[in-house]
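The model shown is predicted, which means the values in this text are computed figures rather than measured ones.
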Amino acid sequence: VFYITFLFFKYNEKIFMNFIYKIPGYILLLFGGFCLSWGGLIIRQFEQAGIWEILFLRSFFFLIALVLFLFSTYKRDTFKIIKNAGLPALIGGFFLSLSFVAYTASIMITSVANVVFIISTQTMFLAVFGYFFLKEKISVLGVISIILAMSGITIMVSDSISSGNLLGNLIALAIPINFSILVMIIRKFPNLDMIPAIFYSGILACIYGLILSDTFSFTSHDILMGFILGVPQLAFGFICITIGSKTTKAVTVGILMLSETLCAPLWVWIFMEEIPPLGVFIGGSVIIIAVIIKSFDRKIPVKT
């Protein structure tokens with residue numbers, strides 16, 4: 001699988017890069033969300049691997065794809081770009097790697113719908129963290145969206161107490177929080193290139209999986225699932241979203257990214273008949289409404 005991945009990028013990187021940069025941003029965002037939405041279903045397909053083994057396989061193949069993408073994009077400047085990113089990128093990569101851990105663990109513990117609905121609250125966490133750490137004012141629509149999002153999470157958490165999914169929901173909550181911290185670091189250092197931070201996150205996640213795995217006795221099926229999870233699902237998803245966001249208005253980005261939130265529960269329902277409790281859909285609907293409202297935020301500041 002490693003060899004196939006290497007050959008694919010070696011002989012197709014120029015075609016791939018030329019092709020992907022010609023695609024409209026909104027289509028890339030939709031496709032990126034579509035790729036990411038398969039994560040829950042793919043994790044459900046592992047036969048023998050546990051949380052840490054899955055994390056290792058996912059991060060290993062993700063790292064390979066990312067390194068090849070870096071060299072195809074930056075050429076000889078790759079090492080210079082990574083070096084210049086410095087400590088902020090390393091710290092940002094650390095927090096993003098924690099998101100990778102939380103994603104894998106929460107998917108194994110709770111429903112896919114719970115996880116993706118909670119992940120979609122990251123725009124609200126960005127507003128809150130921006131207010132406290134960057135002194136950015138929160139608009140009226142921002143306040144409304146934050147209240148709605150927290151209400152949605154409360155509904156989901158309340159429902160999870162009775163269904164036994166509370167731990168999974170709490171772990172999933174670490175995903176948008178850690179990602180928001182990464183964004184705060186990037187905004188604190190405007191000249192920071194985000195790609196090296198993602199590169200570090202892949203390395204760290206690999207190390208976590210390597211150290212904490214009980215066994216490395218993988219089936220060929222698990223290795224294949226790890227490849228699909230790390231390359232088409234995660235790497236392609238991140239690449240498409242990163243490139244697509246550059247040419248797409250912020251208002252549109254927030255809405256298009258809901259494609260992951262809407263599709264992920266659909267795949268596990270169609271292929272595995274995984275249907276979460278009604279409270280998850282009620283809370284998730286409230287969160288989606290909050291994200292849509294935040295997407296149309298014109299930053300009318302609240303007086304403080």
Side-chain angles (χ1 to χ4, degrees), residues 1-6 8-9 35-70 82 85 89-112 114-116 118-119 167-179 181-182 194-239 241 260 264 268:
V1 175
F2 173 85
Y3 186 64
I4 292 173
T5 307
F6 174 77
F8 174 82
F9 277 93
C35 289
L36 294 178
S37 69
W38 290 91
L41 178 63
I42 297 170
I43 288 177
R44 293 280 193 270
Q45 306 306 308
F46 280 83
E47 295 177 336
Q48 182 175 311
I51 292 175
W52 299 112
E53 289 80 16
I54 294 174
L55 176 68
F56 172 78
L57 287 173
R58 184 188 195 223
S59 304
F60 175 73
F61 287 112
F62 167 69
L63 190 58
I64 293 172
L66 187 63
V67 168
L68 293 172
F69 174 75
L70 281 171
I82 294 175
L90 180 60
I91 296 174
F94 168 73
F95 283 106
L96 185 58
S97 70
L98 296 181
S99 290
F100 290 169
V101 174
Y103 179 83
T104 306
S106 59
I107 287 289
M108 297 284 284
I109 297 174
T110 188
S111 72
V112 173
N114 285 52
V115 176
V116 294
I118 290 175
I119 289 175
L167 177 61
N169 285 359
L170 293 178
I171 294 175
L173 199 57
I175 303 172
I177 291 175
N178 282 298
F179 182 79
I181 293 174
L182 167 64
M194 185 178 182
I195 300 298
I198 300 174
F199 169 73
Y200 288 131
S201 71
I203 293 177
L204 291 171
C206 264
I207 294 173
Y208 304 152
L210 185 64
I211 294 175
L212 298 173
S213 293
D214 294 327
T215 176
F216 272 80
S217 178
F218 302 120
T219 65
S220 57
H221 175 80
D222 284 353
I223 294 175
L224 177 61
M225 290 300 102
F227 168 77
I228 296 174
L229 196 61
V231 181
Q233 188 264 335
L234 186 60
F236 285 3
F238 261 73
I239 290 170
I241 290 171
E260 177 191 2
V268 290

*Asks:* Trp52: what forms a ring-ring contact (aromatic ring centres under 6.0 Å, His included) with it, not counting sequence neighbours?
*Replies:*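 Trp52 satisfies ring-ring contact (aromatic ring centres under 6.0 Å, His included) with no other residue.
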*Asks:* If you apply the rule side chain to side chain contact (heavy atoms under 4.5 Å, CB included), what do you find for Leu57 with Phe60, and how did you get there?
*Replies:* CA-CA 5 Å; Leu57 287 173; Phe60 175 73; 5.7 Å; no
*Asks:* State whether the side chain of Thr110 and the backbone N or O of Gly168 hold a donor-acceptor pair below 3.5 Å, judged by distance alone.
*Replies:*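 Absent.
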*Asks:* Are the side chains of Ile119 and Val115 in contact, using a 4.5 Å heavy-atom criterion?
*Replies:*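 Yes, at least one pair of side-chain atoms sits under 4.5 Å.
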*Asks:* Please examine the side chains of Glu53 and Gln48, heavy atoms only from C-beta on, and report whether any two atoms are closer than 4.5 Å.
*Replies:*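 Gln48 does not reach Glu53 side chain to side chain.
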*Asks:* Which heavy-atom pair separates Cys206 from Ser59 by the least distance, and what is that distance?
*Replies:*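 Heavy atoms only, the tightest pair is SG-C, 3.5 Å.
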*Asks:* What do the steps show when you test Gln45 against Ile228 for side chain to side chain contact (heavy atoms under 4.5 Å, CB included), and what is the final call?
*Replies:* CA-CA 11 Å; Gln45 306 306 308; Ile228 296 174; over 6 Å; no
*Asks:* To the nearest 0.5 Å, tell me how far Phe62 CZ sits from Phe236 CZ.
*Replies:*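 Between atom CZ of Phe62 and atom CZ of Phe236 there are 12.0 Å.
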*Asks:* Identify, with sequence neighbours excluded, every residue that meets side-chain hydrogen bond (donor to acceptor under 3.5 Å, both in side chains) alongside Ser106.
*Replies:*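 With neighbours one apart ignored, the set is empty.
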*Asks:* Please tell me if the side chains of Leu229 and Phe46 come closer than 4.5 Å, counting only heavy atoms from C-beta onward.
*Replies:*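 Sidechains of Phe46 and Leu229: in contact.
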*Asks:* What distance separates Leu224 CG from Phe218 CZ, expressed to the nearest 0.5 Å?
*Replies:*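 These two atoms lie 13.5 Å from each other.
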*Asks:* How far does CG of Leu55 sit from OG of Ser213, to the nearest 0.5 angstrom?
*Replies:*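 Answer rounded to 0.5 Å: 7.5 Å.
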*Asks:* Without swapping roles, check the side chain of Asn178 against the backbone of Ala174 for a donor-acceptor pair under 3.5 Å.
*Replies:*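 Flag set: sc Asn178 to bb Ala174 pair under 3.5 Å.
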*Asks:* Would you confirm whether the ring centroid of Tyr208 sits within less than 6.0 angstrom of the ring centroid of Phe100?
*Replies:*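 Judged by ring-centre distance (under 6.0 Å), Phe100 and Tyr208 do not meet the cut-off.
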*Asks:* State, to 0.1 Å, how close Ala205 and Ser97 come at their nearest heavy-atom pair, and which atoms those are.
*Replies:*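 That closest heavy-atom pairing would be N-CB, 4.1 Å.
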*Asks:* State which residues pass ring-ring contact (aromatic ring centres under 6.0 Å, His included) with Phe199; sequence neighbours excluded, sorted by chain then number.
*Replies:*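 So Phe199 forms no ring-ring contact (aromatic ring centres under 6.0 Å, His included) with any residue.
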*Asks:* Is Phe61 close to Ile223 at the side-chain level, that is, under 4.5 Å between some pair of heavy atoms?
*Replies:*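 Result yes, sub-4.5 Å side-chain heavy-atom pair found.
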*Asks:* Please name the residue in the list Leu182, Leu70, Leu96, Leu63 that meets the side-chain contact (heavy atoms from CB on, under 4.5 Å) test with Ile198.
*Replies:*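 Checked Leu182, Leu70, Leu96, Leu63 against Ile198; only one passes side-chain contact (heavy atoms from CB on, under 4.5 Å): Leu96.
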*Asks:* State the CG-CD1 distance between Leu173 and Ile177, to the nearest 0.5 angstrom.
*Replies:*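 Leu173 CG to Ile177 CD1: 4.0 Å, rounded to 0.5 Å.
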*Asks:* For the residue pair Leu36 and Ile241, establish whether any side-chain heavy-atom pair is separated by less than 4.5 Å.
*Replies:*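 Yes - at least one pair of side-chain heavy atoms lies under 4.5 Å apart.
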*Asks:* Is the backbone of Ile107 close enough, under 3.5 Å, to the side chain of Arg44 for a donor and an acceptor to pair up by distance?
*Replies:*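 At least one qualifying donor-acceptor pair exists.
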*Asks:* Can you tell me how far apart CG (Asp214) and CD1 (Ile51) are? Round to the nearest 0.5 Å.
*Replies:*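 With rounding to 0.5 Å, CG (Asp214) is 10.5 Å from CD1 (Ile51).
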*Asks:* Could you grab the distance from atom CG of Leu204 to atom CZ of Phe95, nearest 0.5 Å is fine?
*Replies:*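 Here the interatomic distance stands at 11.5 Å.
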*Asks:* Got Phe227 and Arg58 here, is their nearest side-chain heavy-atom distance under 4.5 Å?
*Replies:*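 Not in contact.
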*Asks:* Please examine the side chains of Met225 and Ile43, heavy atoms only from C-beta on, and report whether any two atoms are closer than 4.5 Å.
*Replies:*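 With C-beta onward as the side chain, the pair stays apart.
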